[in-house]
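Notes for the one structure printed next.
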Amino acid sequence: MIDVRRIRTDYDAVAAALARRGGSLEELEQVRALDVSLREITGERDQIRSEVNAISKEVGSLRRDGRTDEAEAKQAQSRALGDREKELADLTDDIGARTRDLLLHIPNLPSDDAPDGAHAEDNVEIRRVGPGDDASAWADHQRVPHWDIGTELGILDLERAVKMSGAMFTMFRGAGATLSRALCQLALDHNSDAFEEVRPPTVVLTDTMISTGHLPKFADDAYHLERDDLWAIPTAEVPLTSLARDEILEGAELPMRLMAQTACFRREAGSAGRDTRGLLRVHEFDKVEILAYAAPEQAAELHAELLARAESLITALGLTHRVLDLCTGDLGNSSARTFDIEVYAPGVDQWLEVSSVSWFSDYQARRANIRFRRAGEKGTEIAHTLNGSALAVPRVWAAVVETHRQADGSVKLPEVLHPYFRGNTEIRAKN
RNA sequence: GGAGGGGUGGCAGAGCGGACGAAUGCGACGGUCUUGAAAACCGUUGAGGGGCAACUCUCCGGGGGUUCGAAUCCCCCCCCCUCCGCCA
């Protein structure tokens, strides 16, 4: 949620920043208009309340003195004011609710540093590590899609997953399941020097989804358990961001770093029919998320840190990749600036987005009412939130299997994974 | 799921229709005293909104209601505790 006060005092700058995303400014204009009338009516309401409060005090003292007639006259006067107060109070409640609802639909202001652009094609590649999609770098035995490798080695059983749960659900078996778990464990171990590990709930209340910006605008993308009005989380970002909801953090505890491995659930409603094969787009997957609460001045450095941490895992796994600076048109709703890491998977010949590292400025924290107090100072400030996928299993699994496939059909495991494989250093078909 | 008890400031805890944004204690902060510290004593100490300001409004788990006036009375909901039931 962007700050109404900025809309009030700095409208042109807010409008200009939002315009960089493309899309309409209609809601912003509506908020501005509502806010003006809200303050006007609120002022009038408070004025009347103040009178009612004063009169009521008088009634009290008159009654104590036994001056009943005078007290009753005052009561009548107050009653009349009360009717007017009720009208105005209903009006402010209504306008306030409408304002908040509009505000919840307006995306975050992009950072000045985010590149301009309308589509994903305008994203800026800031570096590339390894050969990427250079065809000459890849041998024929690496040009096999992971679903074929998975079947051949008996480590991926999509057919039976579909039998249990329908299309776009997956099942790993044997060394495939171990690989899935090992990737998560690696990501957790890799960040345990600075991040507290959390095992949050995977099913949450509506308010928890609103805090991150996943509701109300993107309800169709999430699984909703209607009977209990609970939502299956699309990412651990959702519960982790609400960990400090409605709390005031001590400045000294910032930045606060958290990480969690959870299942993530996505309906993928808008992308039916795309990437249906294999692991590229699935309804349920495991992911290790890293997240931080920060003071504003700490945010830039933390953003770089989260990106470096996510990227170093990809590097350690021996995957070729590129880092993109998302343009304003491709930026997620809640984000002010986002770096994506894309891995090149030679078997499917595609760049796969495996991590998205975002700085949300105070947008989520204002929704979630997460504040902090600087040591020795009065008052509170809205915190900043940042997060990124440390490692999202299915796409990394696919890229690892395709990249490290050997001429004999086996998959050679990257060294960082060896500790998790009970002495094995490769995956071979059993026969 | 059933029965009972409870949710008040950073914490503990009083208040149960009017002088209550809330006693008291603890904690924290500032001061006096002290070479320094402790103790003692004095003072300060919740959050948010509107207003240039004076000032003013809101918040006692959440939402409705009664009343001139609600932390206090009524209704609904949520959460916590104890017991019973069920259960990995």
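Note on naming: letters A, B, ... go to the chains in the order of the sequence lines (proteins, then strands), and numbering restarts at 1 for each one.
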Q) Applying a 3.5 Å limit to both distances, which nucleotide forms a Watson-Crick or G-U wobble pair with U45(B)? A)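 Because both required distances fall under 3.5 Å, U45(B) counts as paired with G27(B).
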(Q) Ignoring hydrogens and geometry beyond distance, is the side chain of Asn53(A) in donor-acceptor contact with the base of G69(B) at under 3.5 Å? (A)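 In this structure, the two groups form no donor-acceptor pair.
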Q. Is it true that Asp325(A) and Arg337(A) make a salt bridge, defined as a side-chain N closer than 4.0 Å to a carboxylate O?
A.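 Result for this pair is yes, salt bridge flagged.
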Using a 4.0 Å heavy-atom cut-off, does [X] contact any base of the nucleic acid, only the sugar-phosphate backbone, or nothing at all?
X        : result
Arg63(A) : base
Ser56(A) : base
Thr42(A) : nothing

So which nucleotide from [options] ends up closest to the side chain of [X]?
X        : options                : result
Asp46(A) : A47(B), G51(B), U56(B) : U56(B)
Ser50(A) : C68(B), A47(B), U56(B) : U56(B)
Lys86(A) : G48(B), G65(B), C68(B) : G65(B)

What integer number of Å spans the [atom1] atoms of [N] and [M]?
N      : M      : atom1 : result
C20(B) : A14(B) : C1'   : 12 Å
G4(B)  : C42(B) : C1'   : 48 Å
C75(B) : G21(B) : P     : 26 Å

Q) Does the side chain of Arg79(A) get closer than 4.0 angstrom to OP1 or OP2 of G69(B) through an N or O atom? A)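 No, because none of the side-chain N or O atoms of Arg79(A) sits under 4.0 Å from OP1 or OP2 of G69(B).
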Q. Do any side-chain nitrogens or oxygens of Arg373(A) fall under 4.0 Å of OP1 or OP2 in G10(B)?
A.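 Arg373(A) to G10(B) OP1/OP2: no side-chain N or O under 4.0 Å.
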(Q) Heavy-atom nearest nucleotide on RNA chain B for Asp93(A) versus Arg49(A): which residue maps closer to 5'? (A)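 The residue closer to the strand's 5' end, by nearest nucleotide, is Arg49(A).
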Q: Specify the residue among Gly43(A) and Ile248(A) whose closest nucleotide of RNA chain B lies further upstream toward the 5′ end.
A: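 It is Ile248(A), whose closest nucleotide lies nearer the 5' terminus.
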Q.
Contact between Leu291(A) and Leu386(A) at the side-chain level, heavy atoms closer than 4.5 Å - yes or no?
A.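 Heavy-atom side-chain distance check fails, nothing below 4.5 Å.
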Q) Are the side chain of Trp397(A) and the backbone of Gly176(A) linked by a donor-acceptor contact shorter than 3.5 Å? A)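 Looks like yes, one N/O pair under 3.5 Å.
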Q. Ignoring hydrogens and geometry, is there a side-chain-to-backbone donor-acceptor pair from His418(A) to Leu413(A) under 3.5 Å?
A.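 It does hold such a pair.
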Q.
Whether Arg32(A) engages the ring of Tyr11(A) as a cation-pi pair (distance to the six-membered ring centre under 6.0 angstrom, angle to the ring normal within 45°) should be assessed.
A.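 Yes.
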